[in-house]
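Report on one structure; see the data block that follows.
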2 protein chains.
Amino acid sequence: MRRDVFQAIADPLRRDIISLLAKQPMTINAVAKKFEVSRPAVSKHLKILKECGIITINQDGRERFCQIEPKNLIPAFLWIEQYKTLWEEKLDSFENYLLELQTKNKNNDQNG
Amino acid sequence: MRRDVFQAIADPLRRDIISLLAKQPMTINAVAKKFEVSRPAVSKHLKILKECGIITINQDGRERFCQIEPKNLIPAFLWIEQYKTLWEEKLDSFENYLLELQTKNKNNDQNG
DNA sequence: TATATTTGTAACCGTTCAGTTACATAAATA
DNA sequence: TATTTATGTAACTGAACGGTTACAAATATA
């Protein structure tokens with residue numbers, strides 16, 4: 001199975017987990033409590049994120065703290081960034097497009 | 001099924017197709033010939049890319065030209081960019097890290 | 001008109017994904 | 001020591017993924 005950063009961020013729940021862990025390290029249970037799905041489900045996502053290098057997990061007694069490893073998002077960032085000039089060329093105003101996107105996100109209540 | 005930009009770029013073959021179409025528009029057959037997999041397989045990937053808004057397809061006679069729609073990569077770019085300050089904080093030198101990454105990519109012959 | 005080209009798509013296959021419930025284990029606590 | 005807490009994981013399920021082959025249809029060309 002593919003285990004890379006693109007796979008890691010493909011799932012919306014995993015993106016939410018990343019957003020959560022970007023604020024502060026949390027135990028596996030604490031993460032699980034933030035979502036509707038079961039703990040094993042979250043646990044599996046965390047395992048995938050770990051295998052993709054996006055988080056590290058450190059044990060302290062019976063607790064395991066998940067910590068984001070932000071530098072491992074860089075390859076995905078660089079890949080998309082290649083096309084930045086392409087879209088900047090094609091858009092009259094990048095800033096206006098961003099505003100438009102933000103409005104759209106508010107309406108749809110997306111966070112992905 | 002999920003049809004968003006994150007899903008679109010999750011597959012390495014789709015990323016290769018995007019890279020190809022970023023250079024110039026191409027017919028479906030022309031794209032298919034660039035890869036080892038069958039034409040229907042490529043066709044399916046193009047369909048997914050279209051459904052995700054990453055490409056548009058314009059018919060001219062019996063040929064269909066696929067064209068990249070680079071602005072639809074922006075949401076993914078913005079999502080990852082959120083964490084830019086986070087990794088810049090944690091890395092002694094972003095530039096050195098990039099060099100290191102480039103070397104790694106050369107060795108592994110990755111293009112993803 | 002007959003043939004070749006370009007494409008779509010249906011049917012199928014094996015694997016992976018994302019979730020569940022149920023149970024096991026190790027550590028902290030009463 | 002008995003119980004609670006934090007976690008792992010096995011077994012299962014249904015859906016989605018990524019590929020194939022085979023066939024159909026529309027357009028261009030000889």
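Letters A, B, ... mirror the listed sequences (proteins, then strands); counts begin at 1.
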Please report the distance, rounded to the nearest Å, between [atom1] in [X] and [atom2] in [N].
X	N	atom1	atom2	value
A:M1	C:dG14	CE	P	19 Å
B:D11	C:dC17	CG	C1'	14 Å
B:E51	C:dT9	CD	P	11 Å
A:I9	C:dA18	CD1	C1'	18 Å
A:L13	D:dA16	CG	P	17 Å
A:F65	D:dT5	CZ	C1'	14 Å
A:I57	D:dT9	CD1	P	11 Å

Would you find more than 12 non-hydrogen atoms of other residues, nucleotides or ligands less than 6.0 Å from [X] atom [atom1]?
X	atom1	answer
B:Q24	CD	yes
B:Q59	CD	yes
A:K71	NZ	yes

Practice task
Using a 4.0 Å heavy-atom cut-off across all strands, classify A:R2 as base, sugar-phosphate, or nothing.
Solution key: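 Sugar-phosphate contact only.
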Exercise for the section: Have a look at A:Q59 and say if it touches a base, only the backbone sugar-phosphate, or nothing, with a 4.0 Å heavy-atom cut-off. Expected result: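 If one applies the 4.0 Å heavy-atom cut-off, A:Q59 turns out to touch nothing in the nucleic acid.
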Look at [X] and [N] and indicate whether a side-chain polar atom (N or O) is within less than 4.0 Å of OP1 or OP2.
X	N	value
A:S43	D:dG8	yes
B:H45	D:dG19	yes
B:R64	D:dT27	no
B:Q7	D:dC17	yes
B:S38	D:dT20	yes

Practice task
Answer whether the closest heavy-atom distance between the side chains of A:W79 and A:V5 falls below 4.5 Å.
Solution key: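 Result no, sub-4.5 Å side-chain heavy-atom pair not found.
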Handout entry: Note, B:L73 side chain near B:I9 side chain (heavy atom, < 4.5 Å)
Key =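 They are in side-chain contact.
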Examine the base of [N] for any acceptor or donor lying under 3.5 Å from a partner atom in the side chain of [X], and report the outcome as yes or no.
X	N	answer
B:K47	C:dG8	no
B:R62	D:dT27	yes
B:R39	D:dG19	no

Practice task
Could you pick out which residue, A:D60 or A:I48, lies toward the 5' side of DNA chain C when each is mapped onto its nearest nucleotide?
Solution key: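 Nearer the 5' end of the strand: A:I48.
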Exercise for the section: Please figure out whether B:K33 or A:V37 has its closest DNA chain C nucleotide nearer the 5' end. Expected result: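 It is B:K33 whose nearest nucleotide is closer to the 5' end.
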When you get a sec, tell me which of [options] is the closest nucleotide to the side chain of [X]?
X	options	value
B:I28	C:dT7, C:dA22, D:dG19	C:dT7
A:T27	D:dG18, C:dT20, D:dT7	D:dT7
A:K44	C:dA11, C:dG19, D:dT9	C:dG19
B:E63	C:dA18, D:dT20, C:dT6	C:dT6
A:N29	D:dT7, C:dG19, C:dC17	D:dT7

Problem - Interatomic distance, B:I54 atom CD1 to B:L46 atom CG [nearest 0.5 angstrom] - result: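 If I round to the nearest 0.5 Å, the distance is 12.5 Å.
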